[in-house]
Amino acid sequence: MEEAVRYRRERIDRGIKARSDTIYTLASSRDMLYLLFPRVLPIVALFCLPLLMGGSYWGKVIFYSCIFALLALSWDFMASVGLVSLGQALFFGAGSYVAGGFNHYLKWPMLLTIPAATLGGALICTILLVPVVRLRGVYFSMVTLILPLLFAHLIETLEILGGTHGLLSLTPFPNHWLAVYIAVIAVVIVLFGFRRLINEDFGLVLRGIKDDDRVVMAGGINIYWYKAQAIFISAAVGSFAGALMTHYYQFVGRSAFALDYTILPLAGAVVGGPGSFAGATLGSFILVPLSEALRALGGLRMALYGIILIAALAVLPEGIFHYIERKYHQFERVVKI
Amino acid sequence: MSDEIILKIENLTKRFGGVTAVDQISFDLRQGEFLGLIGPNGSGKTTLINLITGFVKPTAGKITYRDQEITGKAPYTIACLGISRSFQMVRTFHKLPAFKNLIVPLYSPRVKKFGGGKYGERDDIAIDLLDDLGFERDSFVPYKVAGSLPHGYLKRLDLARCIALRPDLLILDELFSGMAMSEVAATLPMIEKFNREGLTIIMAEHRLKELFRVASRVIVLNFGQKIADGPPKEAMGKEEVQKAYLGTEVEG
C-alpha cells in the first residue's frame, strides 16, 4: 500500500538566541543588529510619528495614543503582579483632578501640577486600594471598577471640584509639540523601565506573587506591602497620563472617571499581548487610531470596533506582540515525515 | 542537641466545620532536634504544619517559638523569624530559571538582616546554594526554566528555597514523595548535614524507612490526635500506631 507523504511544520530557533536568561552569545555585528533592531525600531517610530503627522488632527491622535499606551502599561504592570484592574479610570481621574485642582484653585504652574498629580494621584489611589489588596481575582477587580464610578457620582452630587461643569481654563501647553513629546518620552521611559524592572529582583518577587503568593509568603515576604508598591507605581503612571491630558484639554470634568479610560487600555493590552509591556503599547497604538479612523462611520463605529476587537482576539489570542516576537525569533520550514 | 526549647505547642486545635483536623496537640521541640511527623493520609500532618507556619489560623491553642508567641501571625512574619517550610505539592515559579526561584527568599527582610543578598549578589548566592544541593553549577541545570526540570529536581529546588531563608527551624512536608530511590538517597545526607550543623528539622513523611534513618524522635498522628511520641522504634511498637497504620482489626 502506498503511504501518503505527510508534511509537518518545524519551528527552529534562529542561530543566535539567549541560551538562558543570563547567558548570551554575541558573535558578530549581525547578531548585535538582530538584538538591537526590535529595541531601536519602536523608539525611532515613536519619535518620528509626531513629526510626520505634524499638528494636524492625526497629530492629536498620536498624543491620545500615548496617553492610552501609558494607561495600558499601567494596567499591564498591575496584571503582572496578579492584580487584574478594571479601574484604570481611577488612576487617570485622580491624576486629572489633582493636576486640575492645584492649577485652578492654587494657580500652580504646570511644572508643579504634573509631578504633584503623579505622586498625589498615586498616593490617593494606593490608599484607596490598600484595604482591598487582600482580595483576590475578580473581587479585587470589582472594587477597582466601582471606585471611579463612585468618584464621578460624588463630584456630581456634592458639586465639589467644579461639579458637573468641571474645572475650566486651565494652563495649556505652550504648543502641541511639547505636549506630544513629553507623552512620547514618557511612553518610552515607562515601557523600557517596566521591562527592565520586572526582570530585576524586585520584579521577580512581584511575578512570584502572581504565580503563587503562598510560596512568596513562605519566603518571608510581605506580599501585601509589595502589592501596594506595585499599585503605587502603576497608579503614578496612570495619574501622570491624566495630568497630561488635563493640561492638554485645559479642562477636567467627571468624564476623567469615565469607563473609556478603563476599557480602551485594557483592550489595548489584551489585543497587543499582555505580560510584555511592548504588547500593551503596540495595542494602544493600533486601537486608538483605529477607533478614530472609524469615526467617519458614525453610529456603526462602535459595532465595527467591537467586531475588529473580537476578530483580533479570535485570530491571535496570544496577542499581536507575542506573535511578532515568535516569528522574529523562530523560522518555520516544512519537513517531510 | 541543646536543652533550649525552640518550639512549644500547647493544646493546638483546628476545626474545619465539623471536622477536627488537629485535635488538642501539645509537644515541645528542642534546638537541634530532628522530629519525624507521621500518620496515615488525612491524619492532620499538613494542617499542623500550616498552623505552625501561619497559613491556617488555629481554632484554639498556643504556639510559642523561642519565647515569642506566634499563634495567628502572618506567614511572612513567621518565615522572617526563621521558620521555613516546603510544600507537599511542588510549588515553583515554573517560568523562571531554577536559580531565579531562590531570589524571593533571598529578597526577604530576614536575609537582608544577615547582610547577605545585596543587589547583584543574589544570583551568585542562589547558584552556590543550588550547587550544594546537587544542581551542578557547570551544567545547564540551574539555568534551565524550572518547569522543564524533572520532579526530583523541583523537590530539591523547594528545599533550596527553604534553606535560602537561613532558617532556624526547617519544616519539610513530604519532601520525598514522588522522588526516585536514587534521588532520596542523594538528598537524605544533605538534610542530615543540615541537622548536624544545628538546624532543627520537622519532617512529615510517608517513607518511614528513610525517615527513621535520620529522625531521632517521631510523633504519630491519627485523626488529628497525637497517638505516640518518642524514638521511632518505641513509637512504632505501640499497638495504637500499628492499628492506625495497618488497620489490624482482624475479626474471627
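Note on naming: letters A, B, ... go to the chains in the order of the sequence lines (proteins, then strands), and numbering restarts at 1 for each one.
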Undergrad: Test side-chain contact (heavy atoms from CB on, under 4.5 Å) on A:Val216 and B:Tyr107 and set out the steps.
TA: CA-CA 10 Å; A:Val216 179; B:Tyr107 204 78; over 6 Å; no
Undergrad: Sort B:Phe87 into side chain, backbone, both or neither according to what part of it lies under 4.5 angstrom from a heavy atom of chain A.
TA: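 Side chain only.
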Undergrad: Work out which heavy atom in B:Ser108 is nearest to a heavy atom in A:Gly219; give both atom names and the distance.
TA: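 Answer, listing the atom of B:Ser108 first, then A:Gly219: CB-O, 3.1 Å.
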Undergrad: Heavy-atom count around A:Arg326 CZ within 6.0 Å, excluding the residue itself: above 12?
TA: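 Result for CZ/A:Arg326: enclosed.
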Undergrad: Can you tell which of A:Ile209, A:Ile223, A:Asp211 has the highest number of heavy-atom pairs within less than 4.5 Å of chain B?
TA: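 Heavy-atom pairs under 4.5 Å are most numerous for A:Asp211.
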Undergrad: Are the side chains of A:Arg214 and B:Thr53 in touch, meaning some heavy atoms are under 4.5 Å apart?
TA: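 The answer is no; the side chains never approach within 4.5 Å.
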Undergrad: How far apart are the C-alpha atoms of A:Asp212 and B:His94, what are their side-chain angles, what is the distance that settles it, and do they pass the side-chain contact (heavy atoms from CB on, under 4.5 Å) test?
TA: CA-CA 10 Å; A:Asp212 197 328; B:His94 45 269; over 6 Å; no
Undergrad: If I measure from the heavy atoms of chain A, does B:Arg110 come under 4.5 Å with its side chain, its backbone, both, or neither?
TA: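 Contact with chain A is absent: no heavy atom of B:Arg110 under 4.5 Å.
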Undergrad: Could you pull out the closest heavy-atom pair between B:Pro109 and A:Gly220, with the gap in Å?
TA: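 Closest heavy-atom pair between B:Pro109 and A:Gly220: CD-O, 3.3 Å.
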Undergrad: What pair of heavy atoms forms the shortest contact from A:Leu204 to B:Val104, and how long is it?
TA: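 Closest approach of A:Leu204 to B:Val104: O-CG2, 4.4 Å.
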Undergrad: Does CZ in B:Arg137 sit with more than 12 non-hydrogen atoms of other residues, nucleotides or ligands closer than 6.0 Å?
TA: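 Yes, the 6.0 Å shell around CZ holds more than 12 heavy atoms from other groups.
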Undergrad: Tell me, yes or no, whether the heavy-atom count around A:Tyr323 atom OH, taken from other residues, nucleotides or ligands under 6.0 Å, exceeds 12.
TA: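 For A:Tyr323, atom OH is not crowded (no more than 12 foreign heavy atoms under 6.0 Å).
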Undergrad: Work out which heavy atom in A:Ala218 is nearest to a heavy atom in B:Ala79; give both atom names and the distance.
TA: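 Closest approach of A:Ala218 to B:Ala79: O-CB, 3.5 Å.
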Undergrad: Could you tell me if the side chain of B:Tyr76 sits less than 4.5 Å from the side chain of A:Tyr226, heavy atoms only?
TA: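 They are not in contact (no side-chain heavy atoms under 4.5 Å apart), so the answer is no.
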